[in-house]
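What follows is one structure encoded as structure tokens, with my remarks underneath.
Read the numbers this way: they start at 1 and go in the same order the structure lists the ligands and their atoms.
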Amino acid sequence: MQIHHIGAQASLLNRFIAEARDIKIQSDRMRFRTNIQRIAHILGYELSKALSYRNTTVTTPLGEKEIPLIQNKVVICSILRAGIAFHNGLLDYFDGAENAFVSAYRHHTGHGDDFEILVEYLSSPSLQGKTLLLADPMLATGRSFMAAYDALKKMGTPSEIHLLAVVGSTPGIAAVEAYFPEDSHLWIAAMDDRLNEKGYIIPGLGDAGDLAYGPKLQH
Ligand SMILES: O=P(O)(O)OC[C@H]1O[C@H](OP(=O)(O)OP(=O)(O)O)[C@H](O)[C@@H]1O
Ligand SMILES: O=c1cc[nH]c(=O)[nH]1
């Protein structure tokens, strides 16, 4: 897997990541969702440089111009629920993309901090020969990305796989790197070193789903 740590180089992106992490600013849900969306714009733009282009003639009122345009058949798949704002950001730029949604949530088994990932919903077009953008703002243990990928396998084999995340942990990134095909890519804004005993990224940003959409009951 090729890992593209976009936040490694200081840029405007830092501002959006800082606001998403900041305990005072992130409590404004609309602002949090907007920051996730703005980060998706930047990651999507960076990812676009790795796609395939073909010269296409565009007619202006005064003449013609050859412009290289993306040839990939893009499918954006996001992992519910925190992925919704991220999905919207990617769709702002890849507006001709097909769309897929997969649910993945942590079900606490009752044994200490143990949890399993349950996937109960999948809606996807065929992925055969297409460019899959698999998006989830948080890559903590990496288990949601892996469970979503397993669920998507029956939809066909993509020609390219690009994972996108806002914050990832070093162990989670290592886990997805080992699980996904060697020629896949990860586009990530920020990386933190560790997870706590509950599988949360430290310092991370907290619970992205709750920050975007409000607290949920555990079940
Ligand atoms: O890498 P992982 O260890 O799998 O953790 C990351 C997942 O955890 C969060 O979802 P959560 O289960 O909290 O559901 P939610 O999006 O509905 O809040 C987040 O949105 C990711 O999907
Ligand atoms: O740090 C984490 C881990 C899982 N899910 C989140 O939203 N944040």
*Less than 4.0 Å between a side-chain N and a carboxylate O, is that true for Asp192 and Arg21?*
yes
When the side chains of residues 152-161 are checked against the rest of the protein, which donor-acceptor pairs come out under 3.5 Å, sequence neighbours left out?
unit_1: Lys153; atom_1: NZ; unit_2: Asp150; atom_2: OD1; d: 3.2
unit_1: Lys154; atom_1: NZ; unit_2: Ala151; atom_2: O; d: 3.4
unit_1: Ser159; atom_1: OG; unit_2: Gly129; atom_2: O; d: 3.1
unit_1: Ser159; atom_1: OG; unit_2: Lys130; atom_2: O; d: 3.3
unit_1: Glu160; atom_1: OE1; unit_2: His162; atom_2: NE2; d: 2.8
unit_1: Glu160; atom_1: OE2; unit_2: Asn72; atom_2: ND2; d: 3.2

*Steps toward ring-ring contact (aromatic ring centres under 6.0 Å, His included) verdict (His41, Tyr93)*: CA-CA 7 Å; His41 292 163; Tyr93 281 14; 4.6 Å; yes
*Given Arg106, Met146, Lys216, Arg143, which has its nearest heavy atom closest to atom 13 (O) of ligand 1?*
Lys216
_Polar proximity ligand 1 side, Phe145 side, N/O cut 3.5 Å exclusive_ = no
*Nearest neighbour of atom 6 (C) of ligand 2 from the list Ala82, Gly206, Gly204, on a heavy-atom basis*: Gly206
*At a non-hydrogen distance cut-off of under 4.0 Å, which region of Thr141 contacts ligand 1 (side chain, backbone, both, or neither)?*
both
*Taking N or O atoms only and a 3.5 Å limit, does Ala140 qualify as a polar contact for ligand 2?*
no
*asked:* Starting from Phe94, can I reach Ile6 by hopping between I/L/V/M/F/W/Y residues whose side chains sit under 4.5 Å apart?
replied: yes
_Presence of salt bridge, Asp210 and Arg81, under 4.0 angstrom_ = yes
*Out of Gly214, Ala82, Ser169, Ala104, indicate the one that has the non-hydrogen atom closest to atom 14 (O) of ligand 1.*
Ala104
*Work out which heavy atom in Ser144 is nearest to a heavy atom in Ile79; give both atom names and the distance.*
O-CD1, 3.8 Å
*Counting heavy atoms only, which of Gly168, Gly142, Ala165 is nearest atom 1 (O) of ligand 1?*
Gly142
